[in-house]
Amino acid sequence: MRMRFRALSFACVLAALAPLTLAAQEIQVKDLDTDEIIETVGPGGTITLSEGDHVRLIMTVQAKGRTYYPQTEYWEGQKNGGAVRITRASVENANATVEAVSPGRSETIGYRILEDVRARTEGSVTIRVESEAASGPAPSPGGYGDWAREITNTLYQAILMRDMDAEGGRGYSDRIRRGGYSTVVQVAQEMARSEESRVRIYERQINNRQRLEALYENLLGLDADDVDDEDWTADLRRLNDGRIADVVSDMVRSSRFREYQDL
């Protein structure tokens, strides 16, 4: 009875959507070693994992400004087979736990949403499994792990204005080790949206002018005097408006960032 009530309630919420409007649908990928969402992928998308990774696929639907987790079943595909295996699944919680077992191969994971979500109810994602040595960008001369930790610490210094802590920093650097530059961008945005970035950093009596100086210096290698006055004023205005994530995103996506960080 409880499951029926949940399904009916979810359908009622989505019924308020316009008839021709499809709700946004994504699968979250949670790393079970760090308990963090490392990626989101839409229907038909591809996820790259390293051999031995354990992740949880979580179906989400965005509707009326909220995130819902509709009942969903998953199954392993047959075309390639053997690259991953589903070790556990929960229809009620919209998730499946997947282990990457065979490097150099790909496999399709199919899914079916069992509730009326005003979106595609069936689809699939492809999971590509690489050996750990083959995943991510090429190592720097100092070693790949060193590079991942260095760029993670750079993000901490730029966005949170402190050195990374061992516990949180390890989770971020492990993700960057697997995902390369695209994950650097994701981590930077997550860090900028964190409570520490939005609230706690100001409890340390840090102001937005100091933050902007730290962002330019650590991410782009520029002093305040090197920045165009209009760019500086525009970025400072965005910080004052609470749009730190927008400023960080623009910087880490720039060619200047990639060149300065040797990415």
**Request:** Please check if the side chain of Ser194 supplies one atom and the backbone of Met191 the other of a donor-acceptor pair under 3.5 Å.
**Result:** yes

**pair Met59-Tyr111: side-chain heavy atoms closer than 4.5 Å** = yes

**Prompt:** Do Arg237 and Asn240 pass the side-chain contact (heavy atoms from CB on, under 4.5 Å) test, and can you show the C-alpha distance, the side-chain angles, and the key distance before you say yes or no?
**Reply:** CA-CA 5 Å; Arg237 184 181 301 114; Asn240 290 335; 5.5 Å; no

**Item:** Polar contact flag, side-chain donor to acceptor under 3.5 angstrom, Glu26-Thr60
**Value:** no

**Any side-chain donor near an acceptor of the partner, Arg56 and Ser90, under 3.5 Å** = no

**Separation between OH of Tyr202 and CD of Gln210, rounded to the nearest 0.5 Å** = 10.5 Å

**Item:** Within-4.5 Å side-chain heavy-atom neighbours: Val252 and Leu219
**Value:** yes

**Asked** Would you say Ile47 and Leu57 make side-chain contact, with heavy atoms under 4.5 Å?
**Response** yes

**Request:** Indicate whether any N or O donor in one side chain lies under 3.5 Å from an N or O acceptor in the other, for Tyr156 and Asn218.
**Result:** no

**Message:** Looking only at side-chain N and O atoms, does Ser106 offer a donor or acceptor that is under 3.5 Å from a partner on Arg128?
**Reply:** no

**Check: Asn208 and Leu236 side chains under 4.5 Å, non-hydrogen atoms** = yes

**Request:** Measure across Trp232 and Glu213 and return the closest heavy-atom pair with its distance rounded to 0.1 Å.
**Result:** CH2-CG, 3.5 Å

**Arg211 side chain vs Ile159 backbone, donor-acceptor pair below 3.5 Å** = yes

**Over all atoms of both residues, closest heavy-atom pair of Ser173 and Ala148** = O-CB, 3.6 Å

**Asked** Any donor-acceptor pair under 3.5 Å linking the side chain of Glu107 with the backbone of Ala83?
**Response** yes

